[in-house]
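This report concerns only the one structure given below.
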Amino acid sequence: MAILKHIASKNADYTEPERYLIFRHDEQTGKITLDEDGYPMLRARYILEGINCDPAAFARECNKANKQFKKNKGKNEIKTHHYILSFDPKDRALGLTMEQAQEMGMEFAQKHFPGHQILVCVHEDGHHVSGNIHVHIVLNSLRILDVSELPYEMRPCDMKAGYKHHCSKAYLSFLQDAVMQMCREHGLNQVDLKHSNARVTDAEYHAKQRGQKQLDHANEERAAQGLPPSQTKFETEKEKIRAAVLDTITCSADVEEFKKKLLAMYGIQVKESRGRWSYLPPGRKKPITGRKLGDAFEKASVEQAILGVEPLTFVHGEQKWNLPILAGTENIGHVIDIEHSAKAQESEGYAHWAKLHNLQEQSKTFNYLTENGLLDSAKLDQDLADLSAAYQQSKAELKATEKRLKDVNRQLRLLGQYFKTKAVYREYLKGGKRKDFAAAHRSELELYDAVVKELRELFGDQKLPSVQSLKQEKAKLTERKQAQYESYSA
């Protein structure tokens, strides 16, 4: 599936987009990643091209156009629009390459953003180490050329030079349709971008990252004091609601029972307004709408899942929900740990309900095991041991492949920097005025020295591997990693 994302920026520094596209950045802080010597680290691999501009002079040409048309002078004006086409990691197995993705990105940009100065750049190091290929399309908000009418609703000024790009909801919807059509035409994984079972915004994603970092720090302090961690995985408020809803669906026979159990077990109230559901967790005044959680948590989807009309299935991150999971287990829910349940300790009524609930679920589980011949403990233990051994082996093989792939990527980066700065170093050796030359090319020479030092630590006196051989090995490792990941995740 290809995901389309749009970001509007008011930053007047037009060199910032190019720096982001060619240099590595820290996901948490957004800052450029520096090497041991304090120099920006180039991305392992990227392809950068320009439309209606020289990519190396994007900032200068954009500022020249802005001055010519007297636009983008205000502090609150949108200076650039940034669109991201992010492809599914599984598309690699379908033959998607960086070169093909770049070609698709160029075609998409030329077709849908004509008349603009545009940078198109493809990366293969997906967000949060997802490893997916994605294309960045960065355009100056000012159109510098007149264009003919395009196949979607446009204002008259949207076709004239000197006017600015306008990203409306209708236009973004049109682009989403175009992305889905593009994926279908190229035989790639695609999904309806206008609907999402689990709708996770950037704000929620980064909140989770910050929360996990703080939790890890707190656990380190507890470990230093000899205390066990309170919890190891941080969950946002929305994640807790999603998990609670999904858990309650499995043990509810109808909608009314779902609402009662969700309130009794998790303290979450289901509110309805104009035919739409929202969820109010304890300690919060304003409810969270089902639409913000994802389409799977809207009223119609939950009702269908409870009644078994339509199974609820989606994957997000490392979590996977598939309800019902097995034929015959549709009505089997989870038992409640009454001994360690704070709610059971506080409420005698809840404790009594939980005891009855546990007896019902245990009875359903026993019936299911009996009907499917799963009561032979020796056989179950052996099957579990075999599965555990296979899982650990797959995990070890995947980690070994990932480690080697990381080493190969590092070697490619170093060789790229080495060959890029080698010519400058040779010119320095040949030149007569070395002191003046060194002052003018200080950064290139220092980068060359650092790269040579690191290569010697890796290879010693051995001959350096060729870039082509490393690329071939990387392709094989990537293919092997994908196959191992699918086996590991199965």
Side-chain angles (χ1 to χ4, degrees), residues 196-201 203-204 207-208 211 230-231 233-314 316 319-325 329-365:
S196 174
N197 281 333
R199 190 170 286 111
V200 180
T201 63
E204 183 184 353
K208 180 176 176 62
S230 55
Q231 66 181 88
K233 185 178 179 181
F234 176 82
E235 286 185 312
T236 64
E237 191 170 40
K238 289 182 179 179
E239 282 184 312
K240 292 178 180 178
I241 295 175
R242 292 187 189 105
V245 170
L246 293 166
D247 187 51
T248 309
I249 287 175
T250 62
C251 59
S252 301
D254 53 45
V255 175
E256 289 304 316
E257 184 180 1
F258 166 79
K259 292 180 180 180
K260 291 178 181 178
K261 286 188 176 181
L262 191 63
L263 180 61
M265 296 165 61
Y266 299 98
I268 299 175
Q269 298 181 49
V270 178
K271 295 182 172 291
E272 185 170 351
S273 175
R274 298 180 181 178
R276 291 184 174 273
W277 277 6
S278 59
Y279 302 88
L280 182 63
R284 185 183 173 96
K285 295 182 179 179
K286 186 178 180 180
I288 299 174
T289 63
R291 183 182 63 83
K292 290 185 177 180
L293 296 173
D295 294 330
F297 303 91
E298 295 260 35
K299 177 183 177 181
S301 298
V302 174
E303 288 179 342
Q304 289 176 346
I306 292 173
L307 299 175
V309 176
E310 183 177 338
L312 187 59
T313 304
F314 65 89
H316 173 66
Q319 295 177 297
K320 180 176 181 179
W321 290 278
N322 189 349
L323 307 173
I325 299 173
T329 64
E330 293 88 346
N331 297 318
I332 296 179
H334 300 290
V335 295
I336 299 170
D337 187 355
I338 300 176
E339 184 178 350
H340 297 92
S341 172
K343 191 179 293 294
Q345 306 302 325
E346 296 171 359
S347 171
E348 184 177 346
Y350 176 82
H352 179 70
W353 171 86
K355 290 178 182 178
L356 296 176
H357 168 80
N358 286 351
L359 288 173
Q360 291 174 349
E361 300 308 323
Q362 289 167 0
S363 175
K364 292 177 185 177
T365 303

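Computed over heavy atoms, backbone and side chain alike; hydrogens, waters and symmetry mates excluded. Count residues from 1 along the sequence.
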Could you tell me whether E298 and R291 make a salt bridge, using a distance below 4.0 angstrom between a side-chain N and a carboxylate O?
no

Value rounded to 0.5 Å, distance of NZ in K260 from OG1 in T248:
14.5 Å

Taking all non-hydrogen atoms of both residues, which atom of G267 and which atom of P282 are closest, and how far apart?
O-CD, 3.2 Å

What is the distance from atom NZ of K292 to atom CD1 of I241, rounded to the nearest 0.5 Å?
11.5 Å

Does R276 CZ have over 12 foreign heavy atoms under 6.0 Å away?
no

Looking only at heavy atoms, the pair that brings K286 and L280 closest together is C-CD1, 3.7 Å

Listed by chain and number, what are the salt bridge (Lys or Arg N to Asp or Glu O under 4.0 Å) partners of K259, not counting sequence neighbours?
none

How long is the gap from CD on E237 to CG on L293, to the nearest 0.5 Å?
10.0 Å

Pair L246, F297 - check side chain to side chain contact (heavy atoms under 4.5 Å, CB included), show working.
CA-CA 9 Å; L246 293 166; F297 303 91; 4.0 Å; yes

What is the distance from atom CD of E257 to atom CD1 of I249, rounded to the nearest 0.5 Å?
12.5 Å

Where do V245 and F258 land on the side chain to side chain contact (heavy atoms under 4.5 Å, CB included) test, with the steps shown first?
CA-CA 8 Å; V245 170; F258 166 79; 3.8 Å; yes

What I'd like to find out is whether the side chain of K238 reaches to under 4.5 Å of the side chain of I288, using heavy atoms alone.
yes

Correct closest heavy-atom pair for P287 and S278 would be CB-OG, 3.6 Å

Which pair of heavy atoms, one from P281 and one from I268, lies closest together, and at what distance?
CA-CG1, 4.1 Å

Heavy-atom check, side chain of L262 versus side chain of Y279, under 4.5 Å:
yes

